[in-house]
Asker: 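I'd like to ask some things about the structure below.
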Amino acid sequence: MSKSLLIASGNKHKVREIIALLDGVPWRVLDLSAFDSIPAPVEDAQTFEGNATLKAEYYAQRLQTPCVADDSGLVVDALDGAPGVISARFAGEGCTDEDNNVKLLSLLKDVPDEKRTARFVCCSVFVGLDGKTHTAQGSVEGRIDHAPHGSNGFGYDPLFIPTGYSQSFGELDASIKASISHRARAFTQMREFLASLP
């Protein structure tokens with residue numbers, strides 16, 4: 001019988017990406033939709049790794065199942081690394097992706113193209129029932145466009161143009177994003193680790 005692995009995320013877009021990236025691992029992959037009565041932990045760490053570890057440990061302990069969590073976000077050079085770990089709530093608690101994008105564009109309105117450099121960063125953390133952890137990280141470089149383009153993806157995808165491309169993550173085919181994104185790079189490493197476990 002295959003082992004169970006919980007993806008500790010309430011973001012259905014992110015869960016869908018992670019399940020696809022972990023396709024083929026010898027685990028029965030679950031998500032939080034079956035455990036929605038459990039309150040989410042407060043993500044108050046100052047780093048992506050800190051928040052991912054916090055979530056993975058919390059759910060692994062509460063549900064007594066191996067767990068993988070990720071924390072990811074957008075790091076914009078002209079904003080001294082913001083929005084960073086508060087990427088999902090950049091425009092305030094309860095904000096939408098559109099709210100975050102509007103705020104980001106407003107802050108960058110006078111910033112020229114050559115200074116709109118940014119990267120998406122993802123840190124994924126696995127916590128086993130023995131409490132041992134494994135961390136994998138990935139990032140993708142790019143720049144922030146002056147307006148959103150495309151309806152693929154989620155979050156800041158319509159504004160982010162990866163280096164080497166002329167289209168945003170919101171316009172590029174999902175297969176391209178799945179091969180070059182920060183989450184793809186982190187979870188490709190995580191997938192190899194999970195497949196290697198006895």
Side-chain angles (χ1 to χ4, degrees), residues 7-21 31-33 36 39-48 50-52 54-55 69-124 138-187:
I7 298 173
S9 175
N11 183 320
K12 63 181 185 295
H13 301 292
K14 186 184 288 190
V15 167
R16 195 178 304 128
E17 279 192 5
I18 293 172
I19 287 174
L21 291 166
D31 64 60
L32 287 176
S33 62
D36 55 8
V42 176
E43 297 180 41
D44 54 5
Q46 300 301 303
T47 65
F48 294 118
N51 279 326
L54 181 156
K55 288 186 284 187
D70 94 322
D71 196 47
S72 53
L74 183 68
V75 174
V76 180
D77 294 320
L79 301 180
D80 296 322
V85 293
I86 63 163
S87 290
R89 54 187 188 280
F90 190 39
E93 293 296 334
C95 63
T96 64
D97 289 348
E98 185 179 3
D99 295 334
N100 287 330
N101 287 330
V102 167
K103 179 174 181 178
L104 180 62
L105 287 175
S106 174
L107 293 172
L108 293 175
K109 68 180 187 300
D110 297 321
V111 177
D113 283 354
E114 66 273 13
K115 293 186 177 179
R116 298 173 77 92
T117 52
R119 67 207 50 80
F120 272 126
V121 176
C122 173
C123 179
S124 63
S139 64
V140 58
E141 298 288 329
R143 64 181 175 84
I144 305 302
D145 205 353
H146 293 269
H149 296 285
S151 57
N152 295 335
F154 59 97
Y156 300 95
D157 284 353
L159 292 177
F160 184 82
I161 300 176
T163 300
Y165 293 84
S166 59
Q167 293 176 301
S168 74
F169 268 165
E171 297 172 292
L172 288 170
D173 188 85
S175 63
I176 296 176
K177 182 184 176 186
S179 68
I180 67 170
S181 78
H182 53 310
R183 189 164 292 114
R185 288 170 174 166
F187 276 91

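Nothing fancy with the numbering, it's 1 onward along the sequence.
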Asker: For residues 74-98, which side-chain N or O atoms pair as donor and acceptor with protein atoms under 3.5 Å away, sequence neighbours left out?
Answerer:
{"residue": "D77", "atom": "OD1", "partner": "R119", "partner atom": "NH1", "Å": "3.1"}
{"residue": "D77", "atom": "OD1", "partner": "R119", "partner atom": "NH2", "Å": "3.3"}
{"residue": "D77", "atom": "OD2", "partner": "T117", "partner atom": "OG1", "Å": "2.7"}
{"residue": "D77", "atom": "OD2", "partner": "R119", "partner atom": "NH2", "Å": "3.0"}
{"residue": "S87", "atom": "OG", "partner": "L74", "partner atom": "N", "Å": "2.9"}
{"residue": "S87", "atom": "OG", "partner": "G84", "partner atom": "O", "Å": "2.6"}
{"residue": "R89", "atom": "NH2", "partner": "E43", "partner atom": "O", "Å": "3.4"}
{"residue": "T96", "atom": "OG1", "partner": "E98", "partner atom": "N", "Å": "3.4"}
{"residue": "T96", "atom": "OG1", "partner": "D99", "partner atom": "N", "Å": "3.0"}
{"residue": "T96", "atom": "OG1", "partner": "D99", "partner atom": "OD1", "Å": "3.4"}
{"residue": "T96", "atom": "OG1", "partner": "D99", "partner atom": "OD2", "Å": "3.1"}
{"residue": "D97", "atom": "OD2", "partner": "G155", "partner atom": "N", "Å": "2.9"}

Asker: Can you tell me how far apart CG (D31) and NZ (K12) are? Round to the nearest 0.5 Å.
Answerer: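 Result: 12.0 Å between the selected atoms.
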Asker: With a 4.5 Å limit on heavy-atom distance, are the side chains of H182 and V121 in contact?
Answerer: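 No, their side chains stay 4.5 Å or more apart.
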Asker: Check F48 against G73 and note the closest heavy-atom contact, atom names and distance.
Answerer: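 Looks like CE2-N, 3.5 Å.
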Asker: Calculate, to the nearest 0.5 Å, the distance between atoms CG and NZ belonging to L107 and K109 respectively.
Answerer: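 Between atom CG of L107 and atom NZ of K109 there are 8.0 Å.
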Asker: Report yes if the side chains of D145 and S168 come closer than 4.5 Å at any heavy-atom pair, otherwise no.
Answerer: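 Not in contact.
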Asker: Which pair of non-hydrogen atoms, one from A69 and one from K55, has the smallest distance, and what is that distance?
Answerer: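 Closest pair (atom of A69, atom of K55, distance): CB-CB, 3.8 Å.
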Asker: Go through it in stages, so that I can follow the logic: the residues are H146 and D113, the test is side-chain contact (heavy atoms from CB on, under 4.5 Å), and I'd like the CA-CA distance, side-chain angles, deciding distance and then a yes or no.
Answerer: CA-CA 9 Å; H146 293 269; D113 283 354; 2.5 Å; yes
Asker: Please step through side-chain contact (heavy atoms from CB on, under 4.5 Å) for the pair F154 and E17, ending with a clear verdict.
Answerer: CA-CA 11 Å; F154 59 97; E17 279 192 5; 3.5 Å; yes
Asker: Does S106 have any side-chain hydrogen bond (donor to acceptor under 3.5 Å, both in side chains) partners at least two apart in sequence or in another chain, and if so, which?
Answerer: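 Listed in chain order: nothing, the list is empty.
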Asker: Do you know the tightest heavy-atom contact between D157 and K177?
Answerer: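 Reported closest heavy-atom pair: OD2-NZ, 2.5 Å.
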Asker: So, does R143 use its side chain to make a donor-acceptor pair with the main chain of R116 at under 3.5 Å?
Answerer: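 Absent.
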Asker: SG/C122 to CZ/R185 distance, rounded to the nearest 0.5 angstrom?
Answerer: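 Answer for the SG-CZ pair, C122 versus R185, is 11.5 Å.
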Asker: Hydrogens and angles aside, do S9 and N11 bring a side-chain donor and acceptor to less than 3.5 Å of each other?
Answerer: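 Their side chains do not contain a donor-acceptor pair, so the 3.5 Å distance test is not met.
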Asker: Give a yes or no answer on whether the side chain of N152 reaches the backbone of D173 with a donor-acceptor pair at less than 3.5 Å.
Answerer: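 The answer is no, because no donor-acceptor pair under 3.5 Å joins these two groups.
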Asker: Is the backbone of E141 close enough, under 3.5 Å, to the side chain of T163 for a donor and an acceptor to pair up by distance?
Answerer: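 Yes, because the side chain of T163 sits within donor-acceptor range (under 3.5 Å) of the backbone of E141.
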Asker: To check you understand the geometry: which heavy-atom pair defines the closest contact between A147 and L159, and what is its length?
Answerer: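 In this case the closest contact between A147 and L159 is C-CD2, 3.4 Å.
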Asker: Looking at every non-hydrogen atom in both residues, tell me the closest pair between I7 and I18 and how far apart they are.
Answerer: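 Nearest pair, atom of I7 first, then I18: CD1-CG2, 3.5 Å.
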Asker: Ignoring hydrogens, what is the shortest heavy-atom contact between G138 and A186? Give both atom names and the distance.
Answerer: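 Heavy-atom minimum between the residues: N-CB, 3.7 Å.
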Asker: Rounded to the nearest 0.5 Å, what separates atom CD1 in I176 from atom OH in Y165?
Answerer: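 Here the interatomic distance stands at 5.5 Å.
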Asker: Over 60° means perpendicular and under 30° means parallel, so tell me whether F120 and F160 are parallel, tilted or perpendicular.
Answerer: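 Answer is tilted, since the angle falls between 30° and 60°.
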Asker: What distance separates S124 OG from L21 CG, expressed to the nearest 0.5 Å?
Answerer: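 These two atoms lie 10.0 Å from each other.
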Asker: Does atom CD (E114) have a neighbourhood of more than 12 heavy atoms from anything else shown, all under 6.0 Å?
Answerer: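 Yes.
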